[in-house]
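Scroll down for the structure; my scribbles are underneath it.
The basis for the numbers below is simple: all heavy atoms, side chains too, and nothing from hydrogens, waters or symmetry mates.
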Amino acid sequence: MKLQDTIVASATGNIVSALGIIRMSGTEALNIISKVFVPISNKNFLDIARAGRLYYGKLMNNDNILDECVVSLFKSPHSFTGEDIVEISHHGSTYIQQEILQILINNGARLADKGEFSLRAFLNGKMNLSQTEAIADLIASNSSASHNLAIKQLRGEYNQELKNLRHRFIKIASLLELEIDFSAEQEVFVDKKELQDELNEAIQEISQLVNSFKQGNALKKGIPVAIVGKPNSGKSTLMNALLKDDRSIVSSIEGTTRDTIEESISIDGLSIRFIDTAGIRESDNEIEKEGIKRSFEAIKKAQVVLYMIDASLEDMESINYQLAFLKQEVDLSDKYQILIVNKEDISTLKAKDKKNLVDMGAIFISAKGQKGIDKVLKAITENFDNKDIAQRIFVTNIRHYEALSNALVCVKDAQQNLINGQSADIISYDIRQATEYIGNITGEITSEDILTGIFSSFCIGK
């Protein structure tokens with residue numbers, strides 16, 4: 001990637017729209033646009049161009065007018081990339097877009113690679129690595145919760161916590177290495193109890209971040225909610241009622257759903273991803289067995305499990321058997337479980353069984369009659385408080401999660417080595433390793449391979 005080149009790309013994508021935006025960044029951006037853009041005043045654009053102003057005029061293809069557009073200029077270093085940037089607002093024809101790009105390329109620009117604008121912003125110190133990744137998350141956000149998480153990361157709140165951790169590690173490693181340098185004089189630079197306290201605090205902080213990933217990732221991509229139960233218990237009917245759409249096939253024939261069906265909706269600023277699963281029961285049918293296997297896989301990945309009970313057929317003994325069987329097949333300890341008693345309008349449950357279910361926190365509904373659906377939605381969303389989300393810091397990126405997990409292992413190793421009375425150089429090595437893992441997240445320590453992997457996932461023009 002030649003970072004001295006002037007790059008150009010569409011910032012709005014290859015779609016038909018009322019308006020489109022093409023951006024160009026680099027030292028030659030102003031010279032290139034002046035060759036093809038004629039302001040309405042007919043003055044030379046180089047003579048009148050000022051940063052932060054908009055200029056209306058004609059974009060020329062040789063002697064032909066290609067489009068009437070608006071050009072804006074952002075001068076280095078006060079721009080997104082830290083370089084001179086020119087933005088062209090044009091009519092949103094894909095033909096016009098491609099022609100403008102070609103004209104600019106013919107005059108000295110080159111088409112940007114994926115994520116190259118954001119990469120230049122990072123390399124020019126306009127933002128750190130985790131902030132540039134937040135741009136992609138912000139663009140992809142599809143709910144209030146995912147938007148808030150991306151904004152917090154973009155504003156640097158998450159990065160500040162990582163910086164504090166890294167500075168703490170650098171301080172500890174520096175003192176330990178001083179102790180190594182002056183070991184012959186038997187100088188003590190680090191109080192062992194203070195070091196143990198520092199390591200304990202660091203372990204707690206990193207553990208909180210690591211443990212936040214599951215919920216943070218779900219808030220970013222949509223909270224997975226698995227609808228589970230025996231065949232014909234009303235799972236597909238509930239799915240359709242929750243979505244207010246006939247998404248799943250509903251039939252009186254048992255085992256109609258043979259595969260998982262997913263659909264997302266937004267509720268109270270949260271993206272909820274419902275997963276309708278195949279009915280769980282013992283079966284010799286190979287296709288149905290595969291569907292049941294996939295149901296268990298969906299449950300493992302879910303954060304919320306809605307277990308459906310058919311009130312017209314079940315009793316407490318069979319319900320307890322079903323729940324025990326499910327817990328035997330899948331670990332539910334980290335999942336929010338909601339027991340749904342369906343078909344309450346034709347219930348045959350005994351009074352004592354109904355009371356037991358009420359004590360278990362069950363929600364009674366009629367999916368077919370659209371009764372109690374709001375209670376189910378409330379039960380799902382109340383476990384994800386938007387106020388709590390706004391106040392807490394969540395890890396939402398798998399790369400960050402892996403780096404933090406590795407850092408946690410290193411700090412725990414340092415703690416154990418301290419307890420075991422190991423030398424300062426061994427403990428210092430563990431701390432330096434943890435420091436590098438944290439630095440890889442923010443970009444203070446990183447490799448070309450990591451940068452290539454991150455920015456290649458961005459859109460062209462971002």
Side-chain angles (χ1 to χ4, degrees), residues 214 218 223-242 248-262 272-344 346-368 372-373 375-376 379-380 383:
K214 188 169 185 180
I223 300 163
V225 178
I227 306 173
V228 183
K230 288 176 68 175
N232 218 25
S233 57
K235 300 185 299 301
S236 297
T237 305
L238 176 61
M239 173 88 155
N240 292 338
L242 290 166
S248 293
I249 297 172
V250 177
S251 170
S252 59
I253 302 170
E254 290 188 353
T256 303
T257 303
R258 296 294 181 91
D259 200 353
T260 57
I261 298 171
E262 297 190 24
I272 310 291
R273 185 157 49 90
F274 289 110
I275 309 164
D276 185 13
T277 64
I280 297 174
R281 64 174 177 179
E282 293 182 8
S283 174
D284 294 326
N285 184 293
E286 287 300 318
I287 298 176
E288 189 174 4
K289 282 169 69 176
E290 179 60 29
I292 294 167
K293 178 184 174 184
R294 295 187 184 191
S295 294
F296 288 135
E297 290 301 317
I299 296 167
K300 289 176 185 176
K301 295 174 183 176
Q303 274 209 288
V304 180
V305 176
L306 306 181
Y307 194 88
M308 298 284 290
I309 300 294
D310 186 340
S312 68
L313 295 175
E314 309 289 357
D315 57 27
M316 206 63 220
E317 184 179 351
S318 67
I319 293 169
N320 285 331
Y321 176 81
Q322 291 174 51
L323 296 176
F325 175 72
L326 181 62
K327 289 179 181 178
Q328 178 184 315
E329 295 294 324
V330 187
D331 181 11
L332 300 173
S333 59
D334 63 341
K335 303 184 190 307
Y336 184 40
Q337 303 165 54
I338 305 172
L339 193 59
I340 309 292
V341 181
N342 190 28
K343 307 181 186 179
E344 70 161 340
I346 53 172
S347 174
T348 58
L349 287 168
K350 295 177 182 178
K352 64 175 184 177
D353 289 347
K354 190 170 182 179
K355 183 180 181 305
N356 283 335
L357 290 166
V358 170
D359 292 340
M360 291 167 67
I363 299 173
F364 290 77
I365 70 165
S366 170
K368 189 175 181 180
I373 304 303
K375 294 178 184 177
V376 177
I380 294 169
N383 196 46

Checklist entry - Within a radius of less than 6.0 Å around NZ of K335, do more than 12 heavy atoms belonging to other residues, nucleotides or ligands occur? => result yes
Item to check | Summary of salt bridge (Lys or Arg N to Asp or Glu O under 4.0 Å) pairs that have at least one residue in residues 301-310, sequence neighbours excluded | outcome: D310-K343
Next on the checklist: Which heavy atom of I319 sits nearest to which heavy atom of E314, and what is that distance?
Outcome noted: CG1-CB, 3.9 Å
Next on the checklist: Is any side-chain heavy atom of L357 closer than 4.5 Å to one of M316?
Outcome noted: yes
Checklist entry - Is there side-chain contact between I299 and L332, with at least one heavy-atom pair below 4.5 Å? => result yes
Next on the checklist: What I'd like to find out is whether the side chain of Q337 reaches to under 4.5 Å of the side chain of M360, using heavy atoms alone.
Outcome noted: no
Next on the checklist: Using a 3.5 Å distance criterion without hydrogens, assess whether the side chain of K375 forms a donor-acceptor pair with backbone atoms of I365.
Outcome noted: no
Item to check | Gap between atom CE of M308 and atom CG of N232 - 0.5 Å precision | outcome: 10.5 Å
Next on the checklist: Just verifying a value: how many Å separate I338 CD1 and I227 CD1, rounded to the nearest 0.5 Å?
Outcome noted: 10.5 Å
Checklist outcome for this item: Closest heavy-atom pair, Y307 versus K230, reported as atoms and distance to 0.1 Å, is OH-N, 4.2 Å
Checklist entry - Roughly how far, to the nearest 0.5 Å, is the OG1 atom of T277 from the CE atom of M239? => result 9.5 Å
Item to check | Test item: side-chain donor near acceptor, S318 and D315, under 3.5 Å | outcome: yes
Item to check | Polar side-chain atom of N342 near backbone of S233 as donor-acceptor pair, under 3.5 Å | outcome: yes
Checklist outcome for this item: Smallest heavy-atom separation, I275 atom then A298 atom, equals CG2-CB, 4.1 Å
Next on the checklist: Under a 4.0 Å threshold between the charged nitrogen and the carboxylate oxygen, would R294 count as salt-bridged to E297?
Outcome noted: no
Checklist entry - Which pair of heavy atoms, one from S347 and one from L349, lies closest together, and at what distance? => result OG-N, 3.1 Å
Item to check | Exam field: side chain T348 to backbone S312, donor-acceptor pair closer than 3.5 Å | outcome: yes
Checklist entry - What's the shortest heavy-atom distance between F274 and I380, and which atoms? => result CE2-CD1, 3.7 Å
Next on the checklist: Tell me if a side-chain donor or acceptor on Y336 pairs with a main-chain N or O of A379 at a distance below 3.5 Å.
Outcome noted: yes
Item to check | Reported CZ-to-CD distance for the pair F325 and Q322, which is rounded to 0.5 angstrom | outcome: 10.0 Å
Checklist entry - Is the backbone N or O of A218 less than 3.5 Å from a side-chain atom of Q303, with the two atoms forming a donor-acceptor pair by type? => result no
Checklist entry - Is K355 reaching over with its side chain to a backbone N or O of K350, donor-acceptor style, under 3.5 angstrom? => result no
